[in-house]
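Following: one structure in structure tokens, then a few remarks.
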Protein chains: 2
Amino acid sequence: MPRRTDLSATFCPVGRSAELLGDRAVLLILRELFFGRRRFELIAANTGLGPQIVSARLKMLVAEGIAERRAYSQRPVRQDYWLTDKGKALFDILYAMRNWAERWAYAPREMGEGPAIRYVHRGCGTDVGTATICPGCGAGLGYGDLKGEPSSALKAEQIARTA
Amino acid sequence: MPRRTDLSATFCPVGRSAELLGDRAVLLILRELFFGRRRFELIAANTGLGPQIVSARLKMLVAEGIAERRAYSQRPVRQDYWLTDKGKALFDILYAMRNWAERWAYAPREMGEGPAIRYVHRGCGTDVGTATICPGCGAGLGYGDLKGEPSSALKAEQIARTA
DNA sequence: GATCATAACTATGATAATCATAGTGACAAG
DNA sequence: CTTGTCACTATGATTATCATAGTTATGATC
């Protein structure tokens, strides 16, 4: 495609976010990083993206200050990727995406099963459902406040992808 | 590009959302619809997208039940696009994108100016800043609860695009 | 009543991003 | 010294995207 117009300098904040997030690969990689999958091969396997795309997007995320590359082993040299504060702040967006899809974009769900990921408020132990304010204690819910537990169906799908 | 893998049937809700939202054009068009710009030509002008893309994406949004096409004039026949309930529910995501960018993705901002769009809670009149819970009255903030006022810089940019 | 204007699109060709596949370099284990 | 793991890079075919121009339908203007 021809060179698309750059939105990173528009006055509209949604436009600036769209410049980053209007890309399947970026969203999927961020999902993996939030799930704690930091290694290149794991990210590639779980997203289904090719290694060139994963490589290019991770480079970009590092350049934008959203992720950082760390060596988790010296011999052999092995790198992985961690979210920075700027990256962790994207949690609200991904959580809103999750909430929308659980409500409006139906999954190939087993009968009677609940959401694909159950989130529990670490502070008070309440299952928050798809709320942004804890229904148990009224606290706002941000990065680190929630503990997610994938359903058996989601777990099976993830295992199938990495096998 | 080759046929990319379809994520609309994955168990992961973030994946299903990414299938829809991982696309610059979709995000920009949704922004316009939330801003109340419903006409084809206005959407094309404000997003900078070509008419083929706008056409294709609007068709898709209608097919997905996110927008609907309405005739706002019979003679001459003129159509525009409105968000459905499913579409309006995407507000939380766009609002989270706005909040993230206002905080972390810096605008070419005039000195001393605040956010590009000031949001005021309709219920109590409080300027909510980038909060998801009204700092004035504690109410949760969703679609319809907020009144947005673009800054002069953002207004100027919008006028420049449509001229 | 011929031309001009407006709105909502559709059509075409050049360009560039994406995917699938294969390969590389560094090291460790057997 | 062959095999395996991990984090990538390289290549070629495919296809989405952009810029530009054109179409259809109608109303307004000269």
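Keep in mind that what you see is a predicted model, and the values were worked out from it rather than measured. Labels below follow one simple rule: chain letters A, B, ... track the order of the sequence lines, proteins then strands, and each chain is numbered from 1.
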Taking the six-membered ring for Trp, are the ring centroids of B/Y95 and B/F34 within less than 6.0 Å of each other? no
Please tell me if B/S55 has a side-chain N or O lying less than 4.0 Å from either OP1 or OP2 of C/dC9. no
Protein-nucleotide distance (A/E41, atom CD; C/dT24, atom P), rounded to Å: 17 Å
For C/dA7 and B/Y81 - does any side-chain N or O of the residue sit under 4.0 Å from the phosphate oxygens OP1/OP2? no
How long is the line joining CZ of B/R24 and C1' of C/dT18, in whole Å? 16 Å
B/L49 CG to C/dA8 P, straight-line distance once rounded to whole Å: 16 Å
If I take atom CD1 in residue B/I53 and atom P in nucleotide C/dC9, what distance separates them, rounded to the nearest angstrom? 15 Å
Any base atoms under 4.0 Å from A/Q79, or only sugar-phosphate, or nothing? Heavy atoms, all strands. sugar-phosphate
Under 4.0 Å between a side-chain N or O of B/K59 and OP1 or OP2 of C/dT10? yes
Can a donor-acceptor pair under 3.5 Å be found between the side-chain atoms of A/Q52 and the base atoms of C/dA20? yes
Considering only nitrogen or oxygen atoms on both sides, find all protein atoms under 3.5 Å from nucleotides 26-28 of chain D and state each distance.
{"residue": "D/dG27", "atom": "OP1", "partner": "B/R75", "partner atom": "NH1", "Å": "3.3"}

Euclidean distance, atom OH of residue B/Y72 to atom C1' of C/dC9 [Å, nearest integer]: 12 Å
Return the set of residues passing salt bridge (charged side-chain N to carboxylate O under 4.0 Å, His left out) with A/K88 (not counting sequence neighbours), or none when no residue passes. none
